[in-house]
Protein chains: 4
Amino acid sequence: MSGLKKRSRGATVGVAPAETRRIGRPRNEETRKVILATTLKLLESETLQSISIEGIAREAGVSKATIYRWWSSKASIVLDAFMEHHLVRTPMRHDLPPAEALVDHIAALIDSYSGWAGRIVAQIIAEGQSDAALLREFRERFQYGRRAAVREVLESWRQQGGIPAHVDLELLTEVLYGPIYARLLLGSAALHRDFADQLASLVFSMFGLDNASGRRP
Amino acid sequence: MSGLKKRSRGATVGVAPAETRRIGRPRNEETRKVILATTLKLLESETLQSISIEGIAREAGVSKATIYRWWSSKASIVLDAFMEHHLVRTPMRHDLPPAEALVDHIAALIDSYSGWAGRIVAQIIAEGQSDAALLREFRERFQYGRRAAVREVLESWRQQGGIPAHVDLELLTEVLYGPIYARLLLGSAALHRDFADQLASLVFSMFGLDNASGRRP
Amino acid sequence: MSGLKKRSRGATVGVAPAETRRIGRPRNEETRKVILATTLKLLESETLQSISIEGIAREAGVSKATIYRWWSSKASIVLDAFMEHHLVRTPMRHDLPPAEALVDHIAALIDSYSGWAGRIVAQIIAEGQSDAALLREFRERFQYGRRAAVREVLESWRQQGGIPAHVDLELLTEVLYGPIYARLLLGSAALHRDFADQLASLVFSMFGLDNASGRRP
Amino acid sequence: MSGLKKRSRGATVGVAPAETRRIGRPRNEETRKVILATTLKLLESETLQSISIEGIAREAGVSKATIYRWWSSKASIVLDAFMEHHLVRTPMRHDLPPAEALVDHIAALIDSYSGWAGRIVAQIIAEGQSDAALLREFRERFQYGRRAAVREVLESWRQQGGIPAHVDLELLTEVLYGPIYARLLLGSAALHRDFADQLASLVFSMFGLDNASGRRP
DNA sequence: AGTTAATCGAGACGGTACGTCTAGTCTTATT
DNA sequence: AATAAGACTAGACGTACCGTCTCGATTAACT
């Protein structure tokens, strides 16, 4: 449940709080918040690499030990902070036909990644290259839900006859997401809105579908 | 000319040596080699992040100042070392039909990235997230030539009627490369040989082409 | 009363206990014992300097706050522990002639200080250099009684004609004890049994007394 | 050679400098001095225990690493600083008769130890209780010369017939010094000038000597 | 039986220092 | 010049304790 230091506390997401107050001085929720907020604030002007746990502690008016007690690395703080304060909103609309919902979703993702959020995600992934646990956590917290939603839409699209039976939907998802992450990380080209349309167009045209509707003409 | 420190020396690649011997003790070629070799050796057991210029100097029996004189960061040393000692060989075969040449090329790339080379490339890109110059250099030295070759093959394939006119070849290239880099950097799935086939299959099937030959049935 | 935190409990030295049981949960005697025992156990393998209140609490399975409630420093815990569990036995024998009783006593002291007890005493004195209260307490609890006993013996020896009238007995005590503490703390020479004999011999000879009996020949 | 970190530099005390300038940036003598001076300054208002290497570095405007490169502990810095800036002057006068020279010397020592120098010496010895190397170094640098000088005087005094042949001079030295260090470290009584006279008186009287001259009446 | 006062454990917290490490820069000597 | 050796500042690293604090649970004596 995040790159948090292992704490037996439990409290899995969604589960009823149960309020099993444990003995000992309780954790100060305010402290947790100020750490995450400070981290985000620092990230507005600095690189993940350039900020330090020392700096976060100093800026947040918090002891280093407190940070180390709860997080294992600065990247996992960022992960938490990012999830909490800036939860990327790239919903999958269920009121649109599959093709449109998909384009809408991808466009939102690209839009989000084209700015500040993209820089942060890129840096988390970068840190993940030398921190396997972080990378896994990133996948689980950022991608798991999203991928499932995309998968669902693709399924329903297929049922409407839009996608041939032999196409591997998982692979298709990778083909859609891959180029976006590649641009994000390699900086080979900017992440503009048009890129969403281009990507979709390509896929649509590949299936011989109409651009706008995703339906066979 | 790499992430080398700016040196007025010049000597652009390919220009005749001219042997403009300058005053003073000449640069020791041996030193340059031992630095690059040591760097690669260290990369076999350590992360790019975990190695330090201090460590390279120590291990190579070389002064830190000497390294700083010629390179601007450890990542640029790695770039040089990687290019020199391990030049990735993912040639584009011209004796095969376009579809096959493409699959062959992609398979070679995936194969290369599935091992040690992949880890290094991933780490260079990671470093590149906080070092724009490095990232640009990586693109220029690693991708420029490759992309051009792919482009060429795609063009000839189109001329043979394999790719519809409305498909943007540049975009198609991104769709082919993107998922590979995404897997490399996100670690969402392993880079196995089959992935090359799957990718190609998808693209082929998208154009309604035959799997094996890339020709319309 | 030891380096105990000031507690209104009272019980001034000598005053009748009166058993003024106060309201509230009474102090847990078990806890007190386990803290002292643990401290001694730790001192067997570690330096006073190297052990920490945190460590004592951890090892004793006791809350840090509990320790802080009753003692003001780790050295005062050691003082208590040392007094309680290892009360140094360097009695003054009253069945021997003064000279012999004295040598016996000094020999016992040296013997005691030559081992584990010596290391602890030395470390308490060391701590005392930056904790005046501790040093005073050490003097009161360790030396007060002993010095008085020595004084008594010296008096009776003088009455038997062994010590000239002009000799300051207090000073003589210092001359006997001083070299022992100096060796203990400076480590200039080992604290062997012979040292007791040498010391006594010197003093005896100074007064022109016979070595064995302390009587004038 | 002090608690200095082992450095192959050599330059044993007294040996001609030889000026074997070695390669590399030479040590900055200014830095060394400012560290020692700062340390002494801090010791005027703080305990050895309470000062920290961190604090010395901060106050001296010097990097911690520089301190750690040359000294192994704060106590060894103090030892150096004390030797350098405050070399205790307790000379042995050779123009006086042995008895007087001895009293003079002891009085000077007591005088010196009764103030600031005494506090520092006490604290070095205290630190030495958990740092054997430091204690040894203290003995060598502070006591070696002094003891030899005292020994010499005692020898000449004996030759003049003042000290009986059977008295162990080494032991006599301990009897003279011991009570001083005991008072210094136990704080049982103040180190006043009179103590020198009292000590001498006792010793003189022990040998049946005249107080003033150290000669038999 | 309920109140009150204290003890005690668990553990969070802001601090401070530890000793190590690396980045870069600088100084000197050597080639 | 270029290189080597190494001193130096600056500052982060992650750990360990410090002494204080909050909390819940416990334990008696006193209502």
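A, B, ... follow the sequence lines: proteins, then strands. Residue 1 opens every chain. Basis for what follows: all heavy atoms, side chains included, without hydrogens, waters or symmetry-related copies. Note that the structure is predicted; figures quoted are calculated from it, not measured.
- Going from atom CG of D:N28 over to atom C1' of E:dT28 covers 13 Å, rounded to whole Å.
- Using a 4.0 Å cut-off on heavy atoms, the residues of residues 46-65 of chain C that approach DNA chain E are C:G61, C:V62, C:S63, listed by number.
- Applying the side chain to side chain donor-acceptor pair (under 3.5 Å) test to B:Q123 and every residue at least two apart in sequence or in another chain returns nothing.
- In this view, C:E29 and C:R32 satisfy the salt bridge (Lys or Arg N to Asp or Glu O under 4.0 Å) rule, not counting sequence neighbours.
- Annotation: of the two residues near DNA chain E, A:T66 and D:K74, the 5′-most nearest-nucleotide partner is A:T66.
- With sequence neighbours left out, the side chain to side chain donor-acceptor pair (under 3.5 Å) criterion links C:S130 to D:Q49.
- Separating the CG atom of D:D131 from the P atom of E:dG19 is a distance of 11 Å, rounded to the nearest angstrom.
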### Task
Evaluate the side chain to side chain contact (heavy atoms under 4.5 Å, CB included) criterion for residues C:D131 and C:L135: first the C-alpha distance (whole Å), next the side-chain angles of each, then the deciding distance (0.1 Å), finally the verdict.
CA-CA 7 Å; C:D131 181 348; C:L135 197 56; over 6 Å; no
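- One interatomic measurement links the two molecules: OH of D:Y68 to C1' of E:dT22, which rounds to 17 Å at whole-angstrom precision.
- Computed from coordinates, the D:R32 CZ to F:dC8 C1' distance equals 16 Å when rounded to whole Å.
- Note: CZ (C:R27) to C1' (E:dC8) measures 11 Å, nearest angstrom.
- Contact annotation: D:W70 side-chain N/O to F:dC8 OP1/OP2 distance is under 4.0 Å.
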Anything under 3.5 Å between a donor and an acceptor, one on a side chain of residues 54-61 of chain C, the other on a protein residue two or more places apart or in another chain? List them.
{"unit_1": "C:E54", "atom_1": "OE1", "unit_2": "C:K64", "atom_2": "NZ", "d": "3.3"}

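- Residues passing the side chain to side chain donor-acceptor pair (under 3.5 Å) test with D:E127, sequence neighbours excluded: none.
- Atom CZ of C:R25 and atom P of F:dT27 are 6 Å apart (whole Å).
- Separating the CD1 atom of C:I67 from the C1' atom of F:dC21 is a distance of 17 Å, rounded to the nearest angstrom.
- Per the geometry, CZ belonging to A:R69 stands 15 Å off P belonging to F:dC18, to the nearest Å.
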